[in-house]
Student: 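Just passing along the structure, written as structure tokens.
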Amino acid sequence: MENPYASPQGEIINPSSSFTPLTWKQILFSFEGRIPRRQYWAVFGIQLGIGFVFGLIAGLIAAAMRAPGMAIALLVPYYIASLWVGLAVGVKRCHDRGRSGWFMLLVLVPIANIWVMIEIMCLRGTEGPNQYGGDPT
């Protein structure tokens, strides 16, 4: 006889998803794995904020030294790092959508870049595991 007061037994919905959360280092610098939209937007917002602060500081330093080219020279390392991080999170979003990271090259094609931005920034990734890893949501 079953106990009517026993807690219900649940099932594991998708035991094969095997998703392990990525560290911030992996999110920012690696080109492997998947990330959901919320992590992409978090990185995008942080980059925007850091870029604003760096730009402000570089502008103030350049104005104080009366050397406008100094601001550009101070910001080049940030722009290079920002480009790398942007590519890394973009590739991981492509992976989340079930696409190769090479899909990011369409950003360079006028009109096609609009679709790439919509896919990366707005659309949910594939449900369940895909060839790039488990579902990060």
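Values below: all heavy atoms of this structure, side chains included; hydrogens, waters and symmetry mates excluded.
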Student: Under 4.5 Å between side-chain heavy atoms, counting indirect links through other Ile/Leu/Val/Met/Phe/Trp/Tyr residues: same cluster for Val107 and Leu105 or not?
Tutor: no
Student: Tell me, with the steps shown, if Cys94 and Tyr132 meet side chain to side chain contact (heavy atoms under 4.5 Å, CB included).
Tutor: CA-CA 10 Å; Cys94 288; Tyr132 300 104; over 6 Å; no
Student: Side chains of Thr137 and Arg38: any donor to acceptor distance under 3.5 Å?
Tutor: no
Student: Please check this pair: side chain of Arg34 against backbone of Gly98, looking for a donor-acceptor N/O pair closer than 3.5 Å.
Tutor: no
Student: What's the spacing between Met104 CE and Asn113 CG if we round to 0.5 Å?
Tutor: 11.0 Å
Student: Could you tell me the separation between the CG atom of Leu28 and the CD atom of Gln47, rounded to the nearest 0.5 Å?
Tutor: 8.0 Å
Student: CE of Met121 to CZ of Arg93: how many Å apart, nearest 0.5 Å?
Tutor: 10.5 Å
Student: Tyr40 vs Phe44 aromatic rings, parallel, tilted or perpendicular, using cut-offs 30° and 60°?
Tutor: parallel
Student: Measure the spacing between CZ of Phe29 and CG of Leu87 and express it to the nearest 0.5 Å.
Tutor: 13.0 Å
Student: What verdict does the side chain to side chain contact (heavy atoms under 4.5 Å, CB included) test give for Ile35 and Leu22, after you've listed the backbone C-alpha separation in whole Å, the side-chain angles of each residue and the deciding distance to 0.1 Å?
Tutor: CA-CA 8 Å; Ile35 60 170; Leu22 301 174; 3.9 Å; yes
Student: Look at the side chain of Asn130 and the backbone N and O of Arg97, then say whether any donor-acceptor pair between them is shorter than 3.5 Å.
Tutor: no
Student: Under 6.0 Å from the CD1 atom of Ile72, do we count more than 12 heavy atoms belonging to anything else shown?
Tutor: no
Student: Run the side chain to side chain contact (heavy atoms under 4.5 Å, CB included) test on Gln26 and Thr23 for me, step by step, so that the C-alpha distance in whole Å, both residues' side-chain angles and the decisive distance to 0.1 Å come before the verdict.
Tutor: CA-CA 5 Å; Gln26 290 170 322; Thr23 65; 3.3 Å; yes
Student: Do Arg99 and Phe103 meet the cation-pi criteria used here (NZ or CZ under 6.0 Å from the six-membered ring centre, within 45° of the axis)?
Tutor: yes
Student: More than 12 foreign heavy atoms under 6.0 Å from CD1 of Ile111: is that the case here?
Tutor: no
Student: At their closest point, which heavy atom of Ile27 faces which heavy atom of Val89, and how far apart are they?
Tutor: O-CG1, 3.5 Å
Student: Without swapping roles, check the side chain of Ser30 against the backbone of Lys25 for a donor-acceptor pair under 3.5 Å.
Tutor: no
Student: Begin with the C-alpha distance, continue with both residues' side-chain angles, and end with the deciding distance and a verdict on side chain to side chain contact (heavy atoms under 4.5 Å, CB included) for Val43 and Trp24.
Tutor: CA-CA 10 Å; Val43 171; Trp24 278 104; 3.8 Å; yes
Student: Starting at CG of Asp96, measure out to OG1 of Thr126 and round the result to the nearest 0.5 Å.
Tutor: 6.0 Å
Student: Shared ILVMFWY cluster between Ile118 and Ile120, side chains joined below 4.5 angstrom?
Tutor: yes
Student: For the CH2 atom of Trp41 and the CD1 atom of Ile46, what is their distance to the nearest 0.5 Å?
Tutor: 13.5 Å
Student: Mark yes or no for whether Lys92, through its side chain, and Pro36, through its backbone, hold a donor-acceptor pair below 3.5 Å.
Tutor: no
Student: Measure up the Phe31 and Trp84 rings against each other and bin them: parallel (under 30°), tilted (30 to 60°), perpendicular (over 60°).
Tutor: perpendicular
